[in-house]
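Throughout, numbering of the chain's residues begins at 1 and tracks the sequence.
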Amino acid sequence: MKFAHARRYFSDAIYSDRERAEYVLEQLQLVYQIERDSRALNHDNEKRAASRQKHSLPILKKLRSWMEDQYKQVLPQSPIGKALAYSIKRWDKLCAFVYDGKLHPDNNAARDL
């Protein structure tokens with residue numbers, strides 16, 4: 001499971017709920033930046049996982065809590081409701097990369113641009 005799929009839902013939701021969608025996308029960008037930094041430092045899988053647990057995990061924990069709170073406030077069938085539901089339902093799979101340096105948070109090459 002990759003964040004590219006979840007990210008797409010939030011990108012689509014920008015037109016109906018800009019504030020919430022942009023917040024999620026900004027938080028994901030922080031995670032992507034941690035990945036770019038790790039790659040620039042040529043971290044091996046062990047160091048990459050350690051970096052993710054130190055830097056990405058706190059961001060992701062806070063984001064999950066925020067998503068759960070926000071989901072209670074939106075219409076489930078709205079674009080943002082669908083984006084939140086998709087991510088919350090798959091959260092553990094989306095975050096599996098944090099514990100395994102061989103995995104990547106995203107398989108979308110455009111994220112690296």
Original post:
Taking only residues two or more places apart in sequence or in another chain, which ones pass ring pair (Phe, Tyr, Trp, His ring centres under 6.0 Å) with Tyr71?
Top reply: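 Testing Tyr71 for ring pair (Phe, Tyr, Trp, His ring centres under 6.0 Å), a comparison that skips the adjacent residues, returns none.
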Original post:
Under a 4.0 Å N-O cut-off, is there an ion pair linking Asp17 with Arg20?
Top reply: yes
Any side-chain heavy atom of [X] sitting closer than 4.5 Å to one from [Y]?
X     : Y      : value
Leu84 : Gln70  : yes
Val31 : Ser56  : yes
Asp37 : Tyr32  : no
Glu35 : Arg52  : yes
Phe97 : Asp106 : no
Pro79 : Phe10  : no

Original post:
Looking only at heavy atoms, which two atoms of Gly81 and Val74 are closest? And how far apart?
Top reply: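 Looking at all heavy atoms of both residues, the shortest contact is CA-CG2, 3.7 Å.
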Distance from [X] atom [atom1] to [Y] atom [atom2], nearest 0.5 Å?
X      : Y     : atom1 : atom2 : result
His5   : Arg8  : NE2   : CZ    : 5.5 Å
Ile59  : Gln33 : CD1   : CD    : 10.5 Å
His104 : Arg39 : NE2   : CZ    : 8.0 Å
Ile80  : Tyr9  : CD1   : OH    : 12.5 Å
Arg7   : Gln29 : CZ    : CD    : 6.0 Å
Leu63  : Leu57 : CG    : CG    : 11.5 Å

Original post:
What residues, two or more places apart in sequence or in another chain, satisfy salt bridge (Lys or Arg N to Asp or Glu O under 4.0 Å) together with Arg64?
Top reply: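 If we apply the salt bridge (Lys or Arg N to Asp or Glu O under 4.0 Å) test to Arg64, skipping adjacent residues, the hits are Glu68, Asp92.
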Original post:
Got a donor-acceptor contact below 3.5 angstrom from the Ser87 side chain to the Ala83 backbone?
Top reply: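 Present.
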Original post:
Are the side chain of Ser65 and the backbone of Lys62 linked by a donor-acceptor contact shorter than 3.5 Å?
Top reply: no
**OP:** May I have all residue pairs that pass ring pair (Phe, Tyr, Trp, His ring centres under 6.0 Å) and include part of residues 33-60, sequence neighbours excluded?
**Re:**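 Those involving residues 33-60 do not exist here.
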Subject >> Leu75 reachable from Ile14 in the ILVMFWY side-chain graph, under 4.5 Å edges >> reply: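 They do not share one cluster, since no chain of ILVMFWY contacts under 4.5 Å joins Ile14 to Leu75.
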Original post:
Of all residues at least two apart in sequence or in a different chain, which pass the side chain to side chain contact (heavy atoms under 4.5 Å, CB included) check with Asn45?
Top reply: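 In terms of side chain to side chain contact (heavy atoms under 4.5 Å, CB included), with neighbours along the sequence ignored, Asn45 is linked to Arg48, Lys102.
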Original post:
What pairs with Gln77 under side chain to side chain contact (heavy atoms under 4.5 Å, CB included), at least two apart in sequence or on another chain?
Top reply: Lys82
Original post:
With a cut-off of 6.0 Å (strictly less than), are more than 12 heavy atoms of other residues, nucleotides or ligands near CD of Gln73?
Top reply: yes
For a quick test of your reading: what N or O donor-acceptor pairs under 3.5 Å do the side chains of residues 21-28 make, sequence neighbours left out?
residue, atom, partner, partner atom, Å
Glu22, OE2, Arg18, NH1, 2.8

